[in-house]
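Lettering follows sequence order; numbering is per chain, from 1.
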Protein chains: 2
Amino acid sequence: MNEKNCPGELCKECGFRSSIFSGLNDEQLVALSQNRTFVCVTKGDYIVKQGSPIEGVAFLRKGLAKITRTNIHREQIIRIVSPREFVGLLSVFSSPTFQYNIIAIEDCEYCMVSKQQIMDLLSKNQAFAKILLEKISQISDAAITIRLDIALRQLRGRVAFILCFFANEIYQSQKFTLPISRRELADLIDMRVENVVRILSELRRDNILRIEGNAFEIIDPERLKWIKEHG
Amino acid sequence: MNEKNCPGELCKECGFRSSIFSGLNDEQLVALSQNRTFVCVTKGDYIVKQGSPIEGVAFLRKGLAKITRTNIHREQIIRIVSPREFVGLLSVFSSPTFQYNIIAIEDCEYCMVSKQQIMDLLSKNQAFAKILLEKISQISDAAITIRLDIALRQLRGRVAFILCFFANEIYQSQKFTLPISRRELADLIDMRVENVVRILSELRRDNILRIEGNAFEIIDPERLKWIKEHG
DNA sequence: GAAAAACATTGATAAATGTCAATCTTGATA
DNA sequence: TATCAAGATTGACATTTATCAATGTTTTTC
């Protein structure tokens with residue numbers, strides 16, 4: 001895990017700064033600068049490890065990460081985190097240790113803001129508390145909704161669902177390079193690898209999808225949407 | 001939906017008061033008393049309706065409720081809420097309308113605290129903000145964990161899981177009267193009614209469970225736990 | 001660059017789950 | 001109390017999903 005200097009010295013001047021910090025005054029922004037660490041990691045590295053004590057919250061600047069829960073038998077992927085999102089926010093307030101792993105699925109850059117700093121801002125800035133509440137609610141709402149959406153569907157529908165998710169939510173494009181393996185895709189939508197592959201092959205055969213390795217293109221979004229809703 | 005007077009006039013004197021309000025001063029407790037409505041509903045009544053504007057947050061005094069999401073094809077039960085819990089907390093901060101239904105599965109008594117009142121306390125009392133953050137985090141963490149736990153298991157394991165849940169989390173007893181129908185049980189653990197019934201019958205035949213209508217008794221907790229973990 | 005490991009793909013088959021139909025039980029309603 | 005509606009239960013069967021095995025492909029490692 002490499003630590004580099006933050007490209008901008010001060011959070012105040014940071015173009016990546018999270019909307020969570022929009023209500024801070026200059027003094028508070030300086031304090032923030034002093035209580036965060038800029039970190040670079042490569043694909044596959046842990047950003048946060050399940051069970052380890054919570055030292056802070058990570059703000060993802062670049063790259064995608066997965067939030068997972070591990071088990072003797074399998075790994076469950078809870079959600080995919082895109083740049084400009086906070087990760088680990090949930091655990092901070094509900095537990096002294098991280099409940100989940102956060103693992104880079106691309107090379108990532110993030111700022112680790114200390115827990116103490118979050119708590120400080122919380123007591124000094126009411127607007128910050130409100131924004132934090134909103135963020136946390138949104139994040140958990142989204143996580144629960146995705147789980148329910150997956151549970152609702154059978155396998156074809158799940159694959160269609162997650163492909164639409166990557167196209168619409170993550171890449172805003174019908175053409176994208178999937179950052180995760182078939183196994184991870186399976187772990188994300190509660191399936192077996194073989195079934196993921198089989199269904200992807202079907203979608204390709206039916207000219208709904210173009211696949212070359214991890215390069216995906218949705219060539220018939222309408223039919224894919226239909227499968228997502230009814231299949 | 002009946003509205004009765006609150007047994008105690010003032011929240012200050014309320015034996016049911018949520019730990020969320022532990023940090024309030026007298027003045028704030030008086031304000032709370034003036035901005036909440038005491039409500040009684042009977043089994044089956046809606047406490048909150050999916051899609052309706054959020055007027056406030058319900059604190060459950062008595063009775064159990066289910067949080068659900070409805071769909072053309074089926075109802076998904078997200079979680080069961082026990083007395084002394086807040087419900088609808090998530091949506092308050094993430095959306096102008098309720099994302100879920102909250103429906104009484106027993107006769108219920110609850111206090112509806114206005115959204116405005118929550119927001120007011122939030123800006124006046126920092127400790128309140130922290131406690132609220134903790135509660136919300138705990139609630140959503142628990143909801144996500146249950147969903148993951150269910151997704152992990154096959155049907156026998158799911159049934160065992162939910163029976164243990166009712167025995168340990170809700171009733172703290174191996175003997176309890178299930179407040180929901182077989183269909184609702186199915187909706188709670190992503191199964192079909194027939195399969196729930198079938199597996200319950202198996203558990204009874206194997207002398208793990210005693211069932212008479214909705215009266216349940218777990219007579220072999222060890223084996224049930226084994227099925228929950230491995231079955 | 002060769003060997004090994006991990007990943008991807010497909011088919012055959014077993015196991016799990018869903019569907020349909022029939023019957024029985026219970027609770028609600030007139 | 002008789003009737004009806006909803007819930008519960010079981011069996012037979014269809015469909016979906018998981019497992020196992022074999023093979024090809026890509027990536028990593030030495």
Per nearest nucleotide of DNA chain C, the residue lying toward the 5' end, A:Asn195 or B:Arg158, is A:Asn195
Ranking A:Arg204 and A:Gln154 by the position along DNA chain C of their nearest nucleotide, the one closer to 5' is A:Arg204
If I take atom [atom1] in residue [X] and atom [atom2] in nucleotide [N], what distance separates them, rounded to the nearest angstrom?
X: B:Arg156; N: C:dA16; atom1: CZ; atom2: C1'; result: 12 Å
X: B:Glu184; N: D:dG7; atom1: CD; atom2: P; result: 9 Å
X: A:Leu152; N: C:dG18; atom1: CG; atom2: P; result: 12 Å
X: B:Lys43; N: D:dG7; atom1: NZ; atom2: C1'; result: 12 Å
X: B:Leu200; N: D:dG7; atom1: CG; atom2: C1'; result: 14 Å
X: B:Leu185; N: D:dT9; atom1: CG; atom2: C1'; result: 15 Å
X: B:Arg183; N: D:dT9; atom1: CZ; atom2: P; result: 14 Å
X: A:Arg74; N: D:dA18; atom1: CZ; atom2: C1'; result: 10 Å

Just checking, any donor-acceptor pair under 3.5 angstrom between side chains of B:Thr177 and B:Asn214?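 On atom types as modelled, these side chains do not qualify, holding no pair under 3.5 Å.
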Which nucleotide in the set [options] lies at the smallest distance from any side-chain heavy atom of [X]?
X: A:Val193; options: C:dT9, C:dC7, D:dA8; answer: C:dT9
X: B:Val197; options: C:dT17, C:dT10, D:dT9; answer: D:dT9
X: B:Arg192; options: C:dT19, D:dT9, C:dT17; answer: C:dT19

Between B:Tyr110 and B:Phe59, does the ring-ring contact (aromatic ring centres under 6.0 Å, His included) criterion hold? Intermediate values first, please.
CA-CA 5 Å; B:Tyr110 63 93; B:Phe59 173 70; 10.0 Å; no
Whether A:Arg147 and B:Asp190 form a salt bridge (side-chain N of Lys/Arg under 4.0 Å from carboxylate O of Asp/Glu) is what I want to check.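 Salt bridge absent between B:Asp190 and A:Arg147.
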Residues B:Phe98 and B:Lys49: closest non-hydrogen pair is CB-O, 3.8 Å
Closest non-hydrogen contact found for A:Asn168 with A:Gln172 is O-NE2, 3.4 Å
Discussion item. Under 3.5 Å, is there any donor-acceptor pair linking the side chain of B:Arg198 to the base of C:dG18?
Written reply: no
* Asked: Is there a side-chain polar atom (N or O) of B:Ser201 under 4.0 Å from OP1 or OP2 of D:dT10?
  ->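 So the side chain of B:Ser201 is within the cut-off, an N or O lying under 4.0 Å from OP1 or OP2 of D:dT10.
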